Amino acid sequence: QVQLVESGGGSVQAGGSLRLSCAASGYTYRNYCMGWFRQAPGKEREGVAGIRSRDSNTYYDDSVKGRFTISRDNAKNTLYLEMNSLKPEDTAMYYCAAVPLFCRLDKILSTDRYNYWGQGTQVTVSS
């Protein structure tokens, strides 16, 4: 049974930084994609960043490009999202997700690609 557990959320002022972690367990697939998504109140869940296991290629939504960095530590089975220069509009519940399939980079931020989700961690950015 695959489990994803996020941590690292919190409250920061605009311009600040946070690092989110997603600990994965029960995961033995060689080919997979993982991503970070977020959902603000009243809005749909949207993809923020994704990473592909086969080649470690990454993909970012334009809204976070240059500010956020997705990475993974295979030895620790952990996915990270380093968030810098945070803005109030980054405020949302952040989720990590995984799918045991090869994925195209241009589809890696689509929520319907993923079948495993964490419970989320809240990020609040004040102005």
Side-chain angles (χ1 to χ4, degrees):
Q1 181 73 16
V2 175
Q3 285 192 321
L4 304 173
V5 180
E6 302 96 333
S7 61
S11 297
V12 295
Q13 289 192 325
S17 299
L18 284 172
R19 188 176 80 154
L20 305 184
S21 299
C22 172
S25 60
Y27 216 96
T28 58
Y29 305 107
R30 294 177 63 85
N31 267 326
Y32 60 88
C33 288
M34 295 191 77
W36 286 99
F37 297 79
R38 66 186 180 188
Q39 188 168 18
K43 294 188 176 182
E44 291 189 355
R45 191 170 297 187
E46 62 177 4
V48 172
I51 188 166
R52 192 166 64 185
S53 67
R54 177 182 289 190
D55 49 19
S56 297
N57 277 351
T58 58
Y59 191 86
Y60 297 90
D61 184 75
D62 286 345
S63 65
V64 305
K65 205 172 290 184
R67 300 189 298 123
F68 290 11
T69 303
I70 188 171
S71 63
R72 62 193 175 100
D73 184 330
N74 290 335
K76 295 182 179 180
N77 275 346
T78 301
L79 182 74
Y80 300 100
L81 185 68
E82 187 76 35
M83 305 186 295
N84 298 313
S85 303
L86 283 162
K87 305 175 181 180
E89 51 263 43
D90 294 319
T91 295
M93 185 72 80
Y94 282 72
Y95 301 88
C96 71
V99 59
L101 293 170
F102 175 80
C103 52
R104 288 170 44 179
L105 284 180
D106 61 341
K107 301 293 185 184
I108 203 169
L109 299 186
S110 298
T111 56
D112 59 3
R113 293 281 167 173
Y114 293 84
N115 51 357
Y116 297 111
W117 292 86
Q119 83 290 348
T121 185
Q122 178 68 36
V123 172
T124 303
V125 185
S126 58
S127 58

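Computation of the quantities below employed the complete heavy-atom set of this structure, encompassing side-chain atoms and omitting hydrogens, waters and symmetry-equivalent molecules. Model, not experiment: these values are computed from the prediction.
Under the salt bridge (Lys or Arg N to Asp or Glu O under 4.0 Å) criterion, Asp73 pairs with no residue, sequence neighbours left out. Residues passing the salt bridge (Lys or Arg N to Asp or Glu O under 4.0 Å) test with Asp55, sequence neighbours excluded: Arg52. Not counting sequence neighbours, the partners of Arg113 by the side-chain contact (heavy atoms from CB on, under 4.5 Å) test are Lys107, Ser110. Evaluation of the side-chain contact (heavy atoms from CB on, under 4.5 Å) rule for Gln119 yields Val5, Glu6 as partners, not counting sequence neighbours. Evaluation of the side-chain contact (heavy atoms from CB on, under 4.5 Å) rule for Glu46 yields Arg38 as partners, not counting sequence neighbours. In this structure Thr78 satisfies the side chain to side chain donor-acceptor pair (under 3.5 Å) test with no other residue, sequence neighbours excluded. Judged as a side chain to side chain donor-acceptor pair (under 3.5 Å), and not counting sequence neighbours, Asn77 has no contacts. Shown here are the salt bridge (Lys or Arg N to Asp or Glu O under 4.0 Å) partners of Lys65, two or more places apart in sequence or in another chain: Asp62. With sequence neighbours excluded, no residue forms a salt bridge (Lys or Arg N to Asp or Glu O under 4.0 Å) with Arg54. For Glu82, the side-chain contact (heavy atoms from CB on, under 4.5 Å) partners two or more places apart in sequence, or in a different chain, are Arg19, Thr69, Asn84.
Among residues at least two apart or in separate chains, disulfide (SG to SG under 2.5 Å) pairs with a member in residues 88-127 are Cys22-Cys96, Cys33-Cys103. Listed by first and then second residue, the ring pair (Phe, Tyr, Trp, His ring centres under 6.0 Å) pairs that reach into residues 33-83 are Phe37-Tyr114, Phe37-Trp117, sequence neighbours excluded.
Between Leu4 and Ala24, the closest heavy-atom pair is CD2-CB, 3.6 Å.
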